[in-house]
Participant: 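Pasting in a structure now, in structure tokens, and then I'll have a few things to ask.
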Amino acid sequence: MSSSESILNKYELIIGLEVHAQLATNTKIFSSDPAHFGAEPNQHTSPVSLGLPGALPKINEQVVVFAIKMGLATHCNINLVNRFDRKNYFYADLPKGYQITQDELPICQGGYIKLIAKDKSERKIRINRIHMEEDAGKSLHDKDDTYSLIDLNRAGVPLIEIVSEPDIRSAEEAGACLAEIRKLVKYLGICDGNMEEGSLRCDANISVRLKGEKAFGNRCEVKNLNSIRNLQRAINFEFQRQVGLVEAGEKVEQNTLNFDSATGVTLALRSKEMAYDYRYFPEPDLPPLHLTKEWIAGLKKELPELPESRMQRYTGQYKLSEYDASILTSEREIADYFEAVVKHTTSYKASANWMIGPIQSYLNETGKTIGDFPIPTATLATVISLVDKGMINNTAAVQQVFPALIQNPKIDVMTLVQQMNLLIDTNNDDLGKYINEAISTYPDKVKEYHTGKKGVLGLFMGEIMRLSKGKIDPKTANKLVVEKLESLK
Ligand code: ADP
Ligand code: MG
């Protein structure tokens with residue numbers, strides 16, 4: 001261990017995340033402007049999002065529904081009375097001169113996100129709050145030589161902000177927490193989770209302290225991390241930087257930082273002395289929200305089954321490994337496809353193998369999502385059961401039937417398998433012939449087998465498969481070849 005490593009080892013990281021998720025509503029949070037991305041600049045605007053005098057905001061009910069769903073999915077309390085506040089600051093892409101957000105009385109408080117580490121230990125990262133707010137517009141600094149340009153299409157697009165307690169203790173855990181949030185918003189269908197396009201953005205509050213110490217150190221806040229990898233790089237950089245300062249007897253200044261992904265370095269944006277005074281006060285143009293328990297109970301019923309519960313079902317009911325279950329539940333659409341397959345077959349493990357193996361490779365290679373995957377679930381289940389019954393062999397199913405079905409997904413599987421001449425004849429008359437041929441090709445290997453080298457069996461099986469063009473049942477072949485070899489002793 002190098003000396004710098006042993007110094008780092010004396011310290012521990014304290015991290016709290018603030019995650020902004022752009023909500024997938026049709027319209028903006030306080031007006032009927034379209035909320036989606038991709039229009040010509042300043043087309044999605046109206047007096048409300050332009051901040052014209054006298055224009056009044058009106059809450060979009062869908063935003064409240066989405067915020068509550070995220071709160072329920074993360075075990076939060078929903079505040080039946082909650083309200084909006086003004087956060088005042090000056091910036092060119094904020095036409096009103098304030099952002100409408102929630103400060104003292106957010107819609108959700110006090111939940112948690114459960115993380116399962118590689119060693120299977122469980123950690124709960126507490127959530128301080130989830131609140132609703134509006135996004136600002138966008139300043140474009142590189143489109144014109146003289147001026148910065150402003151696009152207000154994004155002004156008023158709804159966001160929820162999820163604020164964790166400072167419970168996270170490593171870059172790895174921070175990454176897992178952000179990944180879990182991303183998975184949840186996508187499961188709930190409230191945000192597309194796309195970090196590159198900025199639909200999901202993460203700020204990380206980071207401090208260090210000597211292990212065993214109770215008090216937290218001064219924290220820095222790294223803004224706008226646009227990927228899980230960059231979140232982790234920023235944390236690791238800050239860990240070294242802050243430990244370096246403390247070891248040198250200097251103080252960590254409470255700063256807002258930017259992360260430069262090209263160099264992997266954080267840079268000060270503004271220091272605490274320059275911190276804004278936001279002069280929060282209750283938004284006078286919007287009445288507080290009064291929600292009922294019954295309404296929230298109704299929303300709870302609308303929630304899809306969440307990954308945590310599916311994980312339990314997959315490892316319990318389907319007897320899958322945690323690894324398989326975690327991959328299958330990583331995306332709701334993948335899990336839904338898998339569940340549709342196992343409605344037709346009880347070969348859970350084989351179905352999982354198809355999802356994680358050939359289907360995932362196909363999706364990776366083509367850049368498609370499971371939503372575009374052409375093979376109907378019942379068709380895949382038929383292929384799986386043909387393999388199960390020993391009517392086609394698994395290699396032929398993966399290498400020949402699967403690509404043929406992708407080309408022609410509507411075809412009847414039995415017809416296809418017959419056309420491709422892949423049906424195994426369980427009383428294959430030629431099997432004996434192939435076995436004899438394989439054995440006579442490798443007399444030396446037969447001797448090796450008889451001296452106890454059972455490994456050569458693989459060679460005979462490979463040869464038999466080759467000769468039969470995959471049309472024999474491997475189990476039967478294996479049994480017969482062993483019998484034959486034993487009989488030659
Ligand atoms: P503020 O009101 O200044 O924004 P908060 O108390 O709301 O501060 O915390 C903002 C975020 O910073 C939260 O995610 C919280 O978990 C995190 N945080 C607070 N103190 C620390 C600390 N000492 N080290 C790391 N993160 C912290
Ligand atoms: Mg705060």
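As the structure lists them, so they are numbered: ligands from 1, and atoms in each ligand from 1. Atoms considered below: every heavy atom in the structure, side chains included; atoms not considered: hydrogens, waters and symmetry mates.
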Participant: Should the pair E161-R129 be classified as a salt bridge under the 4.0 Å nitrogen-to-oxygen rule?
Facilitator: no
Participant: Below 6.0 angstrom between ring centroids: does that apply to Y89 and Y98?
Facilitator: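 Between Y89 and Y98, the centre distance exceeds or equals 6.0 Å.
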Participant: Looking only at heavy atoms, which two atoms of S351 and F338 are closest? And how far apart?
Facilitator: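 Residues S351 and F338, closest heavy atoms: CB-CE1, 3.7 Å.
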Participant: Going by heavy-atom distance to atom 6 (O) of ligand 1, choose the closest among R219, E221, E165.
Facilitator: R219
Participant: So, is I206 polar-close to ligand 1, with some N/O to N/O distance under 3.5 Å?
Facilitator: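 Looking only at distances, the answer is no, because the N/O contact criterion of under 3.5 Å is not met.
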Participant: Just which atoms of ligand 1 are under 4.0 Å from any heavy atom in G217?
Facilitator: 23 (N)
Participant: V163 heavy atoms, cut-off 4.0 Å: which ligand 1 atoms fall inside?
Facilitator: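 So the atoms of ligand 1 that pass are 13 (C), 14 (O).
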Participant: Going from CD on Q242 to CD1 on I206, what distance comes out if it is rounded to the nearest 0.5 angstrom?
Facilitator: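 It comes to 6.5 Å.
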Participant: Which of the numbered atoms in ligand 1 are below 4.0 angstrom from a heavy atom of F216?
Facilitator: 23 (N)
Participant: With a 4.0 Å cut-off on N to O distance, would you call E134 and R154 a salt bridge?
Facilitator: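 Looking at R154 together with E134, the answer is no, because their closest N to O distance does not fall below 4.0 Å.
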Participant: Between E122 and K114, does any NZ, NE, NH1 or NH2 come within less than 4.0 Å of an OD or OE carboxylate oxygen?
Facilitator: yes
Participant: Residue-level breakdown please: for N128 versus ligand 1, do any non-hydrogen atoms fall below 4.0 Å on the side chain, on the backbone, on both, or on neither?
Facilitator: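 For N128, no heavy atom sits under 4.0 Å from ligand 1.
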Participant: With a cut-off of 4.0 Å, which atoms of ligand 1 are near a heavy atom of I14?
Facilitator: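 Listed by number with element, the hits are 24 (N), 25 (C).
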Participant: Is a salt bridge present between R313 and E305, judged by a nitrogen-to-oxygen distance below 4.0 Å?
Facilitator: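 Yes, this pair counts.
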Participant: For the 3.5 Å polar cut-off, considering only N or O atoms, please tell me whether E18 and ligand 1 meet it.
Facilitator: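 Between E18 and ligand 1, no N or O pair is found under 3.5 Å apart.
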Participant: Judging by distance only, is a nitrogen or oxygen of I15 under 3.5 angstrom from one on ligand 1?
Facilitator: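 Among all N and O atoms of I15, none is under 3.5 Å from an N or O of ligand 1.
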Participant: Give the atoms of ligand 1, by number and element, whose distance to some non-hydrogen atom of G16 is under 4.0 Å.
Facilitator: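 Those qualifying, in numeric order: 14 (O), 16 (O), 26 (N).
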